[in-house]
Amino acid sequence: MKRYTKYIRANLLYFIVGPILMLTEVLGEVLLPYFMNLTIKHIESDGAKSSYVFIIGLVMIITAAIMMFGGVGGNYFSAKASAGFAAGLRKDVYCKVQEFSFANIDHFSTGSLVTRLTNDITQLQNVIRMALIMMLRAPGMLIGALIMALTINSSLAAVIAVVIPILAAALFGLIHTAFPRFEKMQLKIDSVNSAIQENLTNVRVVKSFVRGNHEIKKFSKANQDLKDTGMSAFKIVIFNMPLMALAMNITTLAVVWFGGKQIIVGTMDVAELTAFTTYIVQILMSLMMVAMILLQSSRAVASAKRIGEVLDEPLDLSDENATKKDRKVEKGSVEFRHVSFKYYKDREEKVLEDINFLVQPGELIGIIGSTGSGKSSLVQLIPRLYDASEGEVFVDGINVKEYSLRHLRDGVGMVLQKNVLFSGTITDNLKWGDENASEEQIRKAAENAQADGFVTGFTDGYETELGQGGVNVSGGQKQRLCIARALLKKPKILILDDSTSAVDTATEARIRECFQKELKETTKFVIAQRISSVKDADRILVLEEGKIVGFGKHEQLIESCQTYQEIYSSQIEKAKEVSA
């Protein structure tokens with residue numbers, strides 16, 4: 001719980017004022033039955049004409065007004081405290097997720113992280129709000145009503161001594177049963193969120209394959225599982241209310257029964273029994289409040305555990321051991337020394353094995369190989385999206401682990417296989433490369449990426465709004481915008497991971513030509529499936545099953561690398577078939 005104290009301190013005033021204001025409501029609830037007792041006794045003895053009744057009535061009205069002020073104020077500040085707590089926690093969890101490496105993210109599903117950032121934190125917010133409203137009110141009412149009940153008739157108050165232990169035992173059993181069920185329910189919410197997120201992200205694929213009914217069935221199953229698990233958990237909550245109501249009614253009947261006997265023998269009057277019954281109800285109501293808080297807390301504890309898993313996730317990549325945090329990438333040379341890599345540390349199979357090569361600043365390096373040969377994995381080690389399992393990666397002669405992640409990644413521009421654009425204008429998206437870029441710089445980057453032509457063809461030009469994920473532009477247009485975004489960053493190392501696959505060969509040739517003219521001092525890595533995309537590179541790196549099987553110019557590889565020869569031959573034959 002220590003991790004949450006910072007969020008309490010940030011909203012400390014609200015955490016203090018809210019419960020204090022609630023105490024005024026409690027004080028009124030304890031005093032009103034007492035005033036009523038005095039009024040009934042006075043009416044019985046002197047009649048209703050006395051000014052005393054008017055004065056007591058006025059006091060009761062004033063008390064009720066103060067109670068209303070305290071109740072409204074207490075609820076307001078409690079809501080503000082819980083909302084501030086949740087906002088601070090949500091921000092920190094989100095910031096922690098932003099620090100995750102790809103390996104860290106692999107530990108959680110996207111749907112699970114969404115649930116933890118929304119539903120789980122909301123559960124904590126709700127229980128804090130409820131606790132602030134009731135944390136002083138429930139015990140205050142319990143103590144106050146108990147004192148007043150003992151003052152009126154101590155022997156009759158013994159009924160409570162019998163009821164409280166029974167209720168406490170029942171409540172303990174309910175909470176013990178509820179906690180694992182709520183924990184399981186949160187996992188089912190993860191599954192539903194994952195199903196929704198996956199379906200909406202890939203809705204075009206679903207429709208193109210006419211798999212709507214399949215997705216509906218899959219979602220229905222996840223939704224039904226959540227319903228069943230939720231009902232299993234909420235049955236405990238549902239059972240709690242009738243149990244408390246039964247205890248309240250039985251206790252009230254017992255008080256009326258034994259109190260009625262005392263009235264008959266003259267040891268207690270009607271006014272005292274009326275006030276005593278009200279206090280007994282207040283005592284039981286306070287116990288019901290405690291029960292509600294504890295049951296809600298069992299769900300909140302399950303949510304807190306899940307939030308803690310995110311906050312406690314050890315970062316796979318950090319600057320903790322970096323000795324050159326202020327150093328920036330200046331030239332762009334890249335060297336791999338005996339590098340091996342695997343995604344899961346506890347598995348034997350390696351994605352890359354004993355990779356060795358040196359790239360000089362400004363070189364254009366083509367990377368080619370069959371699907372699954374490790375091309376994307378190799379370039380992702382340069383900006384430390386993953387860390388090498390064995391060996392070392394150097395940039396400008398410095399181990400990448402010695403740089404701060406910010407400075408290293410600032411020096412590397414990367415266009416991933418999956419091109420992603422965000423909601424907003426084209427300008428907004430391109431400014432991801434440089435948020436301070438001028439219109440001229442934006443347009444220049446777009447021209448080099450061969451994107452300016454189609455952008456200016458839009459009615460709103462660079463102010464055209466892109467849908468979520470860039471759904472209103474084609475695949476080739478999306479790729480060129482992503483390249484422009486990377487160019488605007490002015491990186492010392494530029495990585496294009498199969499980023500022109502949706503672009504026609506003529507446009508791709510113009511992009512390569514611009515690279516040669518405009519990015520002479522930038523080291524460029526181009527992953528491609530087509531040999532035509534890399535044959536003019538300074539050198540071509542050929543991968544097969546995670547190993548380098550060739551590294552040299554196109555002409556050299558045609559002579560010496562069997563894998564490259566096979567790829568070249570298959571593409572030449574395919575080109576002949578198409579032309580025929």
Side-chain angles (χ1 to χ4, degrees), residues 110 196-212 215 375-376 379-380 383 385 409 412-491 494-515 518-519 522 524-530 532-533:
T110 303
I196 294 170
Q197 183 265 338
E198 186 177 51
N199 183 269
L200 293 179
T201 302
N202 303 298
V203 64
R204 284 167 173 74
V205 178
V206 173
K207 291 184 178 299
S208 64
F209 280 89
V210 198
R211 297 286 284 176
E215 288 297 309
K375 303 185 295 296
S376 296
V379 295
Q380 286 175 0
L385 298 180
R409 291 172 182 173
V412 180
M414 195 165 188
V415 184
L416 298 169
Q417 269 184 319
K418 185 178 180 181
N419 299 283
V420 176
L421 296 172
F422 296 88
S423 301
T425 65
I426 291 175
T427 297
D428 292 337
N429 274 272
L430 295 185
K431 279 191 172 183
W432 274 60
D434 181 1
E435 60 183 355
N436 299 314
S438 64
E439 290 184 17
E440 183 181 350
Q441 290 172 320
I442 290 172
R443 186 150 191 169
K444 180 65 174 176
E447 287 174 354
N448 289 336
Q450 304 302 304
D452 182 67
F454 73 80
V455 172
T456 53
F458 295 143
T459 303
D460 296 323
Y462 284 87
E463 296 307 310
T464 300
E465 287 283 339
L466 296 176
Q468 185 178 7
V471 295
N472 50 342
V473 292
S474 70
Q477 290 172 335
K478 188 185 295 185
Q479 284 186 335
R480 283 176 277 173
L481 288 174
C482 290
I483 292 172
R485 181 173 63 189
L487 294 178
L488 200 58
K489 193 176 180 182
K490 300 181 183 66
L494 178 64
I495 299 170
L496 302 180
D497 188 355
D498 203 15
S499 303
T500 55
S501 57
V503 175
D504 62 87
T505 53
T507 302
E508 184 185 18
R510 288 195 293 272
I511 293 173
R512 292 202 306 271
E513 186 179 346
C514 284
F515 283 178
E518 303 293 337
L519 303 174
T522 299
K524 299 163 285 290
F525 291 87
V526 178
I527 295 177
Q529 300 295 333
R530 299 182 299 223
S532 60
S533 301

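What you see is a predicted model, and the numbers here were worked out from it, not measured in a lab.
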So, the side chain of Lys375 versus the backbone of Asp498: is there a donor-acceptor pair under 3.5 Å, distance only?
no
What I'd like to find out is whether the side chain of Gln479 reaches to under 4.5 Å of the side chain of Val415, using heavy atoms alone.
no
What distance do Asp434 atom CG and Lys490 atom NZ have between them, rounded to the nearest 0.5 Å?
5.5 Å
So do Ile483 and Gln450 actually touch side chain to side chain, heavy atoms under 4.5 Å?
no
Give a yes-or-no answer on whether the side chains of Tyr462 and Asp452 include a donor-acceptor pair shorter than 3.5 Å.
yes
Any Met414 side-chain heavy atom under 4.5 Å of Leu385 side chain:
yes
Is there a donor-acceptor pair under 3.5 Å between the side chain of Lys489 and the backbone N or O of Val412?
yes
Heavy atoms, side chains only, cut-off 4.5 Å: are Trp432 and Leu421 in contact?
no
Would you say that Val455 contacts Arg480 through its side chain, given a criterion of any heavy-atom pair below 4.5 Å between the two side chains?
no
Measure from the side-chain N and O atoms of Gln441 to the backbone N and O of Ser438, and report whether any donor-acceptor pair falls under 3.5 Å.
yes
Can you tell if the side chain of Thr459 reaches within under 4.5 Å of the side chain of Thr464, non-hydrogen atoms only?
no
Using a 3.5 Å distance criterion without hydrogens, assess whether the side chain of Arg409 forms a donor-acceptor pair with backbone atoms of Pro383.
yes
With a 4.5 Å cut-off on side-chain heavy atoms, are Leu481 and Asn429 touching?
no
